[in-house]
Amino acid sequence: MSGANGPSRHRRDDPVPSVTTAAAGNSTDVSGRQRRYLIMMGIRIACLPLAVVTDGWLRWIFIVGAVVLPYVAVVVANATRRPASGELSPVPPKPRAELPAARTRDDRINE
């Protein structure tokens, strides 16, 4: 197959990668990171009043949680997943339907 600019870059017998083996979309990664962040910040919000109403060593645990959790939540939320190193499985191309043969002079209607 060649065009005006020379041979085509793609050949018909090149394997076509399957879409089902591709990595999950970026939107699923972002929604997961948002969910983890919101859970951690919810725990932090719970630590704030508990640090006020409790006494002793438990109060210090809630204070440390209220101070440290925002940092941890941001670090976890910014940690993106690494691209999957899986290989794409090739899918053989389907055979193309052929056009019918061109009409010959005998097939034409004479006017």
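By convention here, the first residue in the shown sequence is residue 1. Side-chain atoms are counted along with the backbone in the values below, which use heavy atoms only and exclude waters and symmetry mates.
Applying the 4.5 Å side-chain rule to ILVMFWY residues, one finds L50, V53, W57, L58, I61 in the same cluster as F62.
Counting heavy atoms from C-beta outward, M40 and V72 have side chains that approach closer than 4.5 Å. Side-chain atoms of L48 and V52, non-hydrogen and from C-beta on, never get closer than 4.5 Å to each other. Contact check for V68 versus Y71: no side-chain heavy atoms found under the 4.5 Å cut-off.
Connection of V64 to V76 is established within a shared hydrophobic cluster, with ILVMFWY side chains joined at heavy-atom distances below 4.5 Å, either directly or through further cluster members.
Sorted by first and then second residue, the salt bridge (charged side-chain N to carboxylate O under 4.0 Å, His left out) pairs involving residues 37-61 (not counting sequence neighbours) form an empty list.
Summarising the geometry of P70 relative to G65, their closest heavy-atom pair is CD-O, 4.3 Å, with the distance given to 0.1 Å.
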Please list every donor-acceptor pair under 3.5 Å in which a side-chain atom of residues 31-39 meets a protein atom from a residue at least two apart or in another chain.
| residue | atom | partner | partner atom | Å |
| --- | --- | --- | --- | --- |
| S31 | OG | S27 | O | 3.3 |
| S31 | OG | T28 | O | 3.0 |
| R33 | NH1 | A77 | O | 3.0 |

